[in-house]
Structure formats: C-alpha cells, structure tokens
**Student:** 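Here's a structure for you.
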Amino acid sequence: MAVHKLLLLPGDGIGVEVMAQVKRVVKWLDTQGLASFAIEEDLVGGAAYDDCGAPISEEAMTRAAEADAILLGAVGGPKWDGVPYALRPEAGLLRLRKDLHLFANLRPAICYPALADASSLKRELVEGLDVLIVRELTGGVYFGEPKTITNLSDGQKRAVDTQVYESYEIERIARVAFDLARTRRNSVVSSEKHNVMMSGVLWKEVVSSVHGADYPDVQLRHQLADSCAMQLVRAPKQFDVIVTDNLFGDILSDVAAMLTGSLGMLPSASLGPMEEVSGKRSALYEPVHGAAPDIAGKELANPIAMIGSLGMALRYSFGLGEIADRIDAAVAGALAKGYRTGDINAEGMTLVGTQGMGDAILAELERVN
Ligand code: NAD
C-alpha cells in the first residue's frame, strides 16, 4: 500500500482543536488498513512566531515542499496583533500559497440534508446541494501591477488596480475545472465579465479553446459573473463546477458557502501545478474558517470543515475517493443522528463539543465499516 506523506500544521486557536479530531480519523484509517500515512507535524502562524520569530520556519517550508499534501488548521489571534506586518500569523499561510504556487482554490459547497434548514434559502433549494467553485488564486486584480493611489494636481486622488491574466494562467485553471468535472457530474460553468472587461474576453476565449481541444465530453456553459451570483441564490443546484478568476471567485465562493449554513462546515483545497515527470502536485487543505479566538480553548469548535479537508486530501492528492466518500457519509450520519456543535445547533438536537463530534463521526465510520 502506498504511504502518503502528510504534513499537519495545526496553527493557532481552534486550528489545534479541530486538527486533534483529524488525527483521530487518520489513526483510525491507518489501524483499519484503509490507508497508510507518514505523518509529520510542524508550527505555523502565531505558534511558529512564538517559537522561532517567523510565521513559518525554513524547516517547515522544506517539509511542506516534500509532503504529498499539507493539512492546515487556522492561523491568527489577538495575541499577535502587535507583531510586525511581515511576520503576522497570516504571512505563514501566504508564504505557503506563494512558494508552492497554489494557483487553484477549490471550495465545495455541500448541503447535508440534516442541515438544510440552517441555510438562508428554502430547504428544497439547497437540500443535496453539491457545487464546487474553482477559483484562480495567484493572478488577477489582487496581484496585477500597477496597483497605486496617486495624488492628482486638483487635490483629488486616483486609485488603480490592474486586472491582468495571461492565457497560460487561464488555461491551467480551466484544465483543473474540466478534470474535476469529469470526476463529478461532468458540467462546467465558466464565469467572467466579457461584456465589459478585456480579461473576460480572453478568459472566455481560452476556456472555450481548452474545452474544444481536450474536453469536448464535458458540458461547458459561459455565464457572466453577476448572472452567476444571481443564479447561485435562485437555483444553486443547477451548478456542478464553476470556474472563475480570483476576484469573482472570492465573491462567488462566499455566496455559495453561506448556502450551506455555517463556516464550521466548509473545507477547501489549494492546488499547485502538476509536475510533468512525477505527476505530483503540491496541495494544501484547510477549513475556510479562521482561528476563532472567541471560542478557542473551549472545545466548542465544529471539526467538520477540518475533517472535510482531510477528505479532500484523500480525494484529490491520494486518489482515495472511496474513503473520502466514507468520511462524508460518516459526517452525514452523525448529523442525521442529531449531533450538533453550537454553531449548527437547533431545537431538539444533541449538543456536543469538538471531541464529541469527533466521537460521533468515528462511531459512524465504525458502523459502516
Ligand atoms: P473566524 O473564521 O475565525 O471566526 C468567525 C466566527 O465564526 C467566530 O464567531 C467563530 O467563533 C465562528 N467559527 C469559525 N469557525 C468555527 C468552527 N469551526 N466552529 C464553530 N464556530 C466557528 O474569523 P475571524 O473571527 O474573522 O478571525 C479570527 C482570526 O482568524 C483572525 O486572526 C483572522 O486573521 C484569522 N483568520 C485565519 C484564517 C485562516 O487561517 N485561513 C481565515 C480567516 C481568519
């Protein structure tokens, strides 16, 4: 059996608490002989700053580069509010994203039937929802130059951000989306604003050309980003994979996220380019939520987003989609039995803490084993 090199970076606040539940699931998979892991663990964020004066050490960066996948909890907290900007906890995460060239951000929005009433939309619109947003993460308007504020002679100021994409950046994110669609319901919506933006014109052209050349079996539809946002709240179940740029992806993924209820439920993945010889790609998996200092240390955090991030690592880095399905089923089972952490609690349910939710998910894994 292949041994998967997994680097755990629990980070700060509830990152440490939710990662503890992932460790239990990993251990269970190992003892059942379902998967084999070589686990390493290191510090990131404020914890790393306290230890070595930097938000991630060079040794941890080396381990990250060598790992098959990285699982990160969360970084940050008021304790580090005063540290120099370049050394703030978030800088550790940004360095990982930058040095590992993690250009593809995957944000699934899945609505478990047991939680459909927690959504801001009607149950029938979201029950069984399974959308995957593929966001370009290293280009576009957040990084484009020039990026300035200048003083004008008439006393006014002018701010400039630059939306810039080169065709290779669009092509590689389009390939990620098409490849993923083939493992799902085989349908991609590409979202941009080609009616008013030249980058949108190029985006549409490149996505169409990649599709025509290599993915004619996948259904492709182009949709303007504003219309896509509207459809996401009107009838979200029409979508399978949505591929979009950094700016629109930032917004659309948050819209999709809220359809599912709580921040504590949302995993994510960030993937780097595929190495040609080894076929390997760097990958970082993390919950969408932060370190939640308001509940840290109280065993109140929902571990499902973190456990879902492990599921994504199994699916996208280790080729263990069946085991990922079992983890998803165990989460759905624990929820169906009424177990709830505080963030998703409702009347008549059984309130549990972080460990209690871990117990419920492990019990479901045992049950369906
Ligand atoms: P947050 O996501 O940490 O928390 C927002 C709210 O959601 C809080 O009320 C929190 O208690 C709740 N929440 C979040 N995750 C939860 C979970 N798993 N279970 C139950 N409730 C949960 O965002 P914030 O409060 O804006 O930021 C706190 C710190 O985390 C800041 O230092 C911020 O910079 C950092 N942050 C880090 C990341 C990351 O590591 N990727 C992401 C966002 C924020």
Side-chain angles (χ1 to χ4, degrees), residues 7-22 25 42-50 55-56 60 64 70-98 100 102 105-107 110 112 115 118 120 135 137 249-250 253-254 257-258 260-270 283-312 331 334-335 339-346 349 351-358 360-361:
L7 174 64
L8 306 182
L9 298 172
D12 307 317
I14 65 165
V16 179
E17 295 160 50
V18 293
M19 188 67 86
Q21 302 310 312
V22 157
V25 176
D42 217 315
L43 302 171
V44 68
Y49 179 80
D50 288 348
I56 189 158
I70 304 159
L71 276 183
L72 187 139
V75 296
K79 182 179 175 199
W80 300 282
D81 278 352
V83 307
Y85 187 76
L87 299 176
R88 71 200 188 286
E90 290 76 8
L93 180 52
L94 295 179
R95 170 136 188 236
L96 281 164
R97 286 182 183 156
K98 182 163 169 277
L100 299 176
L102 303 175
N105 185 226
L106 278 46
R107 291 257 304 252
I110 294 169
Y112 293 96
L115 287 187
S120 50
R135 166 189 173 193
L137 200 61
D250 196 357
S253 61
D254 270 18
M258 276 329 290
T260 69
S262 162
L263 220 47
M265 300 293 299
L266 298 165
S268 79
S270 301
L284 173 83
Y285 299 88
E286 57 180 326
V288 169
H289 65 72
D294 54 334
I295 59 165
K298 300 179 183 160
E299 277 290 311
L300 294 174
N302 183 348
I304 292 178
M306 188 76 245
I307 291 174
S309 302
L310 169 67
M312 289 186 86
V331 169
L335 293 171
Y339 293 106
R340 298 284 189 276
T341 42
D343 56 317
I344 51 173
N345 198 20
M349 298 295 146
L351 182 63
V352 289
T354 311
Q355 172 96 10
M357 185 57 91
I361 293 169

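Each ligand, and each atom within it, is numbered from 1 in the order the structure gives. Just the heavy atoms: all of them, side chains too, but no hydrogens, waters or symmetry mates, feed the values below.
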**Student:** Using heavy-atom distances, let me know which of E90, H289, E17 sits nearest atom 34 (O) of ligand 1.
**Tutor:**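 Residue with the shortest heavy-atom distance to the ligand atom: E90.
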**Student:** When you look for heavy atoms under 4.0 Å from ligand 1, do you find them on the side chain of L72, its backbone, both, or neither?
**Tutor:**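 The answer is neither; L72 stays 4.0 Å or more away.
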**Student:** Any idea which heavy atoms bring A257 and L266 closest together, and the distance?
**Tutor:**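 The pair with the smallest heavy-atom distance is CB-CD1, 3.3 Å.
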**Student:** Kindly give the heavy-atom pair with the smallest separation between D12 and A291, and that separation in Å.
**Tutor:**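 Scanning both residues completely, I find the closest heavy atoms to be O-CB, 3.8 Å.
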**Student:** Strictly inside 4.0 angstrom of atom 24 (P) of ligand 1, do you find any protein heavy atom?
**Tutor:**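 Protein heavy atom within 4.0 Å of atom 24 (P) of ligand 1: absent.
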**Student:** Could you work out, with side-chain hydrogen bond (donor to acceptor under 3.5 Å, both in side chains) as the rule, every residue matching D50, not counting sequence neighbours?
**Tutor:**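 side-chain hydrogen bond (donor to acceptor under 3.5 Å, both in side chains) check on D50 returns K79, W80.
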**Student:** So if I count the atoms of ligand 1 from 1 in the order they appear, which ones are less than 4.0 Å from some heavy atom of L263?
**Tutor:**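 So the atoms of ligand 1 that pass are 2 (O), 5 (C), 7 (O).
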**Student:** What protein heavy atom sits nearest atom 19 (N) of ligand 1, and how far off is it?
**Tutor:**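 Scanning the protein heavy atoms, the shortest distance from atom 19 (N) of ligand 1 goes to N302 N, 2.9 Å.
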**Student:** Flag atom 12 (C) of ligand 1 as yes if some protein heavy-atom distance to it falls below 4.0 Å, otherwise no.
**Tutor:**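 Within 4.0 Å: no protein heavy atom nearby.
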**Student:** Hey, which atoms in ligand 1 end up nearer than 4.0 Å to a heavy atom of G76?
**Tutor:**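 Every atom of ligand 1 under 4.0 Å from some heavy atom of G76: 32 (O).
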**Student:** May I have the step-by-step check of side-chain contact (heavy atoms from CB on, under 4.5 Å) for L335 and M357, ending in yes or no?
**Tutor:** CA-CA 9 Å; L335 293 171; M357 185 57 91; 4.2 Å; yes
**Student:** Looking at Y112, I'd like to know if its OH atom is crowded, meaning that more than 12 non-hydrogen atoms belonging to other residues, nucleotides or ligands lie closer than 6.0 Å.
**Tutor:**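 Enclosed.
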**Student:** Looking only at protein heavy atoms, which one is nearest to atom 9 (O) of ligand 1, and what is the separation?
**Tutor:**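 The answer is D294 OD2, 2.8 Å.
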**Student:** What protein heavy atom is closest to atom 27 (O) of ligand 1, reported as residue, atom name and distance in Å?
**Tutor:**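 Answer for atom 27 (O) of ligand 1: P293 CD, 4.7 Å.
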**Student:** Would you compute the distance between atom CD1 of I361 and atom CD1 of I304 and round it to the nearest 0.5 angstrom?
**Tutor:**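 Result: 4.5 Å between the selected atoms.
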**Student:** Report, in ascending order of atom number, the atoms of ligand 1 lying under 4.0 Å from any heavy atom of E286.
**Tutor:**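 Here the atoms of ligand 1 in question are 41 (N).
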**Student:** How far is atom 30 (O) of ligand 1 from its nearest protein heavy atom, and which residue and atom name does that atom have?
**Tutor:**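 Scanning the protein heavy atoms, the shortest distance from atom 30 (O) of ligand 1 goes to A291 N, 3.1 Å.
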**Student:** Is the closest side-chain heavy-atom distance between P10 and V22 below 4.5 Å?
**Tutor:**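 Side chain of P10 against side chain of V22, heavy atoms only: no contact under 4.5 Å found.
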**Student:** Using a strict cut-off of 4.0 Å, indicate which atoms of ligand 1 neighbour a heavy atom of I14.
**Tutor:**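 Those atoms are 15 (N), 16 (C), 17 (C), 18 (N).
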**Student:** Among D81, D12, I295, which residue places a heavy atom closest to atom 22 (C) of ligand 1?
**Tutor:**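 The option holding the nearest heavy atom is I295.
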**Student:** Side chains of D250 and R135: does their closest heavy-atom pair fall under 4.5 Å?
**Tutor:**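 Yes, close enough: below the 4.5 Å cut-off.
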**Student:** For the backbone of A74 and the side chain of E286, can you confirm whether one donor and one acceptor N or O come within less than 3.5 Å of each other?
**Tutor:**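 No; zero donor-acceptor contacts below 3.5 Å.
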**Student:** State the atoms of ligand 1, each with its element, that fall below the 4.0 Å cut-off from a heavy-atom position in A74.
**Tutor:**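 Numbered from 1, ligand 1 contributes 40 (O).
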**Student:** Checking side-chain contact (heavy atoms from CB on, under 4.5 Å) against I70, which of L102, L100, V44 comes through?
**Tutor:**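 With I70 as partner, side-chain contact (heavy atoms from CB on, under 4.5 Å) holds for just one option, L100.
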**Student:** G264 heavy atoms, cut-off 4.0 Å: which ligand 1 atoms fall inside?
**Tutor:**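 In order of numbering, the contacting atoms are 17 (C), 18 (N).
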**Student:** Suppose I only count heavy atoms of A301 and a 4.0 Å limit; which atoms of ligand 1 are within that range?
**Tutor:**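 Matching atoms, with element in brackets: 19 (N).
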**Student:** Looking at atom 15 (N) of ligand 1, is any protein heavy atom nearer than 4.0 Å to it?
**Tutor:**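 For atom 15 (N) of ligand 1 the answer is yes, since some protein heavy atom falls inside 4.0 Å.
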**Student:** Give every donor-acceptor pair under 3.5 Å between a side-chain atom in residues 82-89 and any protein atom, sequence neighbours left out.
**Tutor:**
residue, atom, partner, partner atom, Å
Y85, OH, R88, NH2, 3.4
R88, NH1, Y85, O, 2.8

**Student:** Looking only at non-hydrogen atoms, which of A296, G290, G46 approaches atom 44 (C) of ligand 1 most closely?
**Tutor:**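 Result: the heavy atom closest to atom 44 (C) of ligand 1 is in G290.
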**Student:** Is there a side-chain contact between M19 and L9, using heavy atoms and a 4.5 Å cut-off?
**Tutor:**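 No - every pair of side-chain heavy atoms lies 4.5 Å or more apart.
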**Student:** Enumerate the atoms of ligand 1 whose separation from the nearest heavy atom of V75 is less than 4.0 angstrom.
**Tutor:**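 This gives 30 (O), 35 (C), 36 (N), 37 (C), 40 (O) as the contact atoms.
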**Student:** For residues L71 and M306, determine if any side-chain heavy atom of one lies less than 4.5 Å from a side-chain heavy atom of the other.
**Tutor:**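 Yes. Closest side-chain heavy atoms under 4.5 Å.
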**Student:** Is there at least one pair of N or O atoms, one from G77 and one from ligand 1, spaced under 3.5 Å apart?
**Tutor:**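 Such a contact does occur with ligand 1.
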**Student:** Are any of the N or O atoms of A292 closer than 3.5 Å to those of ligand 1?
**Tutor:**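 Right, the criterion is met.
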